2 protein chains.
Amino acid sequence: MDINDEKLIKLFHSRGFKVTPQRLGICNYVLKSTDHPSAEKIYSNIKKKYKTISRATVYKTIALLKEMGLISELNLNTTPSRYDPNQNIHVNIICPKCNSISDYESEVVEEFFLNLKSELDNDILGQNLDVYKICETCSKKK
Amino acid sequence: MDINDEKLIKLFHSRGFKVTPQRLGICNYVLKSTDHPSAEKIYSNIKKKYKTISRATVYKTIALLKEMGLISELNLNTTPSRYDPNQNIHVNIICPKCNSISDYESEVVEEFFLNLKSELDNDILGQNLDVYKICETCSKKK
DNA sequence: CTCGATGCAAAACGTTTGCAGTCTT
DNA sequence: AAGACTGCAAACGTTTTGCATCGAG
């Protein structure tokens, strides 16, 4: 993410959010990160500069960044874990409304995995392919 | 998973695990499930038959099933969550030893996503593509 | 009989919430 | 000055652990 304070401030203001030093600090750290930090890592890093910052603020700022589309959370629907007996290569189609998950298998998926595997020296230990899409039931409810 | 009690019992014995009614019950439920149940769902389902079963047993049996390669856990590395400012289509290459994550972008990935998208009526809300692979640092450590 | 499995209770862990006080606008 | 934000502490839901008892082999 190539973003500076000026841009960030404008973004926040355009969304009606206030700009605080804590927020800027967190944003600068997260948006420049390449190591996919956890909330705890963000917290301990930002604590160096803002001794009194709380985890609550970190989590709230993370939520803000997600809302603004500046970051995404890996492994969404973290808790509770869900389990799958299907050990074929497949995509999990996850409905963010009702949390239902259905497996999707197709040639496109299989071919992709084989190609990716060969690109990665054939030593993939496992995989997890998720896509988010409103399920039929939920889209009917509208 | 097309598996019956007889096969299951052999599998358990071959790994030196004991066969208990609770385990069989949990296995039968999970291995036949198609709705990607959570631990809590497995627990409340199995509780109908085994009134005194505890969550601990459920979790331990899940661990066993994972170890035997009969199920996989979706959204592995569930906690803590990790965050990513990279909003391009990419694969997260996750090292299960050190939990490092690096982004991988390629034409293969991009093409796959476009194909999948069109297969799914173009209304994908988001995606999360993970593959597990020992990272260079860890494979050197050996 | 032995050792692994169960199940309770308590702890651990990441995350969320309520609220009083503070700071941006 | 108003209302959004902070940060503490407590609560929450999921998962793990310690340990006494039980039961499969």
Side-chain angles (χ1 to χ4, degrees), chain A residues 5-6 8-27 29-30 36-68 71 73-83 99, chain B residues 5-6 8-27 29-30 36-68 71 73-83 99:
Chain A
D5 280 6
E6 205 185 333
L8 265 176
I9 292 171
K10 273 188 192 156
L11 251 169
F12 272 78
H13 283 168
S14 73
R15 296 287 218 109
F17 300 133
K18 292 191 174 165
V19 176
T20 65
Q22 291 93 329
R23 283 191 174 167
L24 279 183
I26 293 170
C27 291
Y29 176 64
V30 177
H36 307 71
S38 64
E40 193 60 27
K41 180 149 191 215
I42 297 167
Y43 169 70
S44 63
N45 190 287
I46 217 68
K47 204 171 173 81
K48 289 180 201 159
K49 207 169 176 183
Y50 301 97
K51 311 286 182 201
T52 65
I53 204 166
S54 72
R55 273 169 256 263
T57 301
V58 170
Y59 279 106
K60 284 165 190 167
T61 306
I62 286 171
L64 220 61
L65 287 173
K66 284 201 282 179
E67 195 186 326
M68 301 199 293
I71 65 171
E73 184 169 353
L74 304 191
N75 305 314
L76 220 63
N77 285 71
T78 52
T79 49
S81 273
R82 303 277 290 258
Y83 304 94
N99 291 314
Chain B
D5 280 6
E6 204 185 332
L8 265 177
I9 292 170
K10 273 187 194 157
L11 250 169
F12 272 79
H13 283 169
S14 73
R15 297 288 219 106
F17 300 133
K18 291 188 174 167
V19 176
T20 65
Q22 291 94 328
R23 282 190 176 168
L24 279 183
I26 293 169
C27 290
Y29 176 64
V30 177
H36 307 71
S38 63
E40 192 60 28
K41 181 150 191 214
I42 297 167
Y43 170 69
S44 62
N45 191 288
I46 216 68
K47 203 171 173 80
K48 289 179 199 157
K49 208 168 177 184
Y50 301 97
K51 311 288 183 202
T52 64
I53 204 167
S54 72
R55 273 169 255 264
T57 301
V58 171
Y59 279 106
K60 283 165 190 166
T61 306
I62 287 171
L64 221 60
L65 288 173
K66 285 200 282 177
E67 195 185 324
M68 300 198 294
I71 64 170
E73 183 170 355
L74 303 191
N75 304 317
L76 219 63
N77 283 75
T78 52
T79 50
S81 274
R82 303 275 291 258
Y83 304 93
N99 291 314

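Letters go in sequence order (proteins before strands), and every chain restarts at 1. Small disclaimer: the values here were computed from a predicted structure and weren't measured. Just the heavy atoms: all of them, side chains too, but no hydrogens, waters or symmetry mates, feed the values below.
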Considering only side-chain heavy atoms of [X], which listed nucleotide, [options], is closest?
X       : options               : result
A:His13 : C:dT25, C:dT6, D:dA24 : C:dT25
A:Phe17 : D:dG7, C:dA5, D:dC5   : D:dC5
A:Lys18 : C:dT24, D:dG7, C:dG7  : C:dT24
B:Tyr59 : C:dC8, D:dC8, D:dT15  : D:dT15
A:Ala56 : D:dG25, D:dC5, D:dC8  : D:dC8

Is there a side-chain contact (heavy atoms from CB on, under 4.5 Å) between A:Ile26 and A:Val30 once you walk through the steps? CA-CA 6 Å; A:Ile26 293 170; A:Val30 177; 4.0 Å; yes
Position toward the 5' end of DNA chain D (nearest nucleotide), A:Leu64 or A:Lys47: A:Leu64
Just call it for B:Thr52: base, sugar-phosphate, or nothing, with non-hydrogen atoms closer than 4.0 Å on any strand. sugar-phosphate
D:dG23 phosphate, OP1 or OP2, under 4.0 Å from B:Gln22 side-chain N/O: no
For C:dT15 and A:Arg55 - does any side-chain N or O of the residue sit under 4.0 Å from the phosphate oxygens OP1/OP2? no
With nearest nucleotides of DNA chain C determined for B:Arg23 and B:Tyr43 from heavy-atom distances, which residue corresponds to the more 5′ nucleotide? B:Arg23
Assuming nearest nucleotide by heavy-atom distance, tell me which of A:Val19 and B:Ile53 is located more 5' along DNA chain C. B:Ile53
Spatial distance of atom CD (B:Glu40) from atom CZ (B:Arg55) [nearest 0.5 Å]: 4.5 Å
When you measure only distances, ignoring hydrogens and angles, does the side chain of A:Lys60 come within 3.5 Å of the base of D:dG7 through a donor and an acceptor? yes
